[in-house]
Amino acid sequence: QVQLVESGGGLVQAGGSLRLSCIASGSISSINAMGWYRQAPGKQRELVADITSDSSTNYADSVKGRFTISRDNAKNTVYLQMNILKPEDTAVYYCNVVARSSRYLPPRNYWGLGTQVSVSS
C-alpha cells in the first residue's frame with residue numbers, strides 16, 4: 001500500500017502564497033504521475049495540476065501562471081507552489097499519485113486525505 005500525507009495548507013489573504021507538499025510512503029515500486037486536485041464546497045473535485053515521471057506538467061486554466069507543480073523523485077514528494085492566491089482558490093486540496101506497489105502489479109490511484117486552503121478577500 002501507498003500512503004500520502006499532505007501539508008502546507010492554511011489561511012492566507014488574497015494575493016498571498018502557500019506551498020503544499022505531499023510525501024508518498026509505504027510499499028512503492030515506482031511512481032508515475034503525481035498531481036493535485038481540489039474540491040470547493042458544493043462543487044466537484046477538479047484537477048489543479050499534474051506532473052509525469054519525466055516532469056511534463058499540466059495545469060487547469062484557472063491556475064496557469066500562478067501555480068507551479070514540481071516533484072522530487074528521490075523523496076517521493078510532489079509540491080504545489082501557489083502564488084497570487086484568490087478567494088476562488090479556497091478548497092480542500094488533495095494529493096493524487098499513480099504508483100505501483102510492486103513491479104508485478106498494475107499502477108493504482110492513491111489519494112491523500114486533503115489539506116484546507118482558505119483565501120480571504
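Here the CD1-CZ distance, from Ile31 to Arg71, works out to 6.5 Å after rounding to the nearest 0.5 Å. For the atom pair Ser102 OG and Ile28 CD1, the distance stands at 13.0 Å (nearest 0.5 Å). One finds the SG atom of Cys22 at 4.5 Å from the CG atom of Leu4 (value rounded to the nearest 0.5 Å). The CG atom of Leu47 lies 6.0 Å from the CG atom of Asn58; values are rounded to the nearest 0.5 Å. Atom OG1 of Thr77 and atom CG of Asp72 lie 6.0 Å apart (nearest 0.5 Å).
Of the possible polar contacts, one joining the Glu6 side chain to the Cys95 backbone as a donor-acceptor pair under 3.5 Å is found. No donor-acceptor distance shorter than 3.5 angstrom exists from the side chain of Thr90 to the backbone of Glu88, with no hydrogens or angles considered. In terms of modelled atom types and a separation under 3.5 Å, the side chain of Tyr59 and the main chain of Ile69 share a donor-acceptor contact. Counting only distance, with no hydrogens or angles, the side chain of Ser29 and the backbone of Arg100 share no donor-acceptor pair below 3.5 Å.
Listed here is the closest heavy atom pair of Val98 and Pro107: CG1-CB, 3.8 Å. The heavy-atom pair separating Leu20 from Met82 by the smallest distance is CG-CE, 3.7 Å. Residues Val97 and Met34 come closest through the heavy atom pair CG2-CE, 3.8 Å. Smallest separation of non-hydrogen atoms from Val2 and Ala24: CG1-CB, 4.3 Å.
By the criterion of side-chain heavy atoms lying less than 4.5 angstrom apart, applied directly or through intervening Ile, Leu, Val, Met, Phe, Trp or Tyr residues, Leu18 is grouped together with Ile51 in one hydrophobic cluster. No single ILVMFWY cluster, assembled from side-chain heavy atoms under 4.5 Å apart, contains both Tyr37 and Tyr110.
At least one side-chain heavy atom of Ser17 sits less than 4.5 Å from a side-chain heavy atom of Gln81. By the 4.5 Å heavy-atom criterion applied to side chains, Thr68 and Leu80 are not counted as neighbours. In this structure the side chain of Val92 never reaches within 4.5 angstrom of the side chain of Val117, judged on heavy atoms.
Arg66 is linked by a side-chain contact (heavy atoms from CB on, under 4.5 Å) to Val63, Ile84, Lys86, Asp89, counting only residues two or more places apart in sequence or in another chain.
A cation-pi contact links Arg19 to Tyr79, judged by a cut-off of 6.0 Å to the six-membered ring centre and 45° from its axis.
Sorted by first and then second residue, the salt bridge (Lys or Arg N to Asp or Glu O under 4.0 Å) pairs with a member in residues 45-60 read Arg38-Glu46; sequence neighbours excluded.
Within a 6.0 Å sphere centred on CG of Leu11, heavy atoms belonging to other residues, nucleotides or ligands number more than 12.
In this structure, Phe67 has its ring center at least 6.0 angstrom away from the ring center of Trp36.
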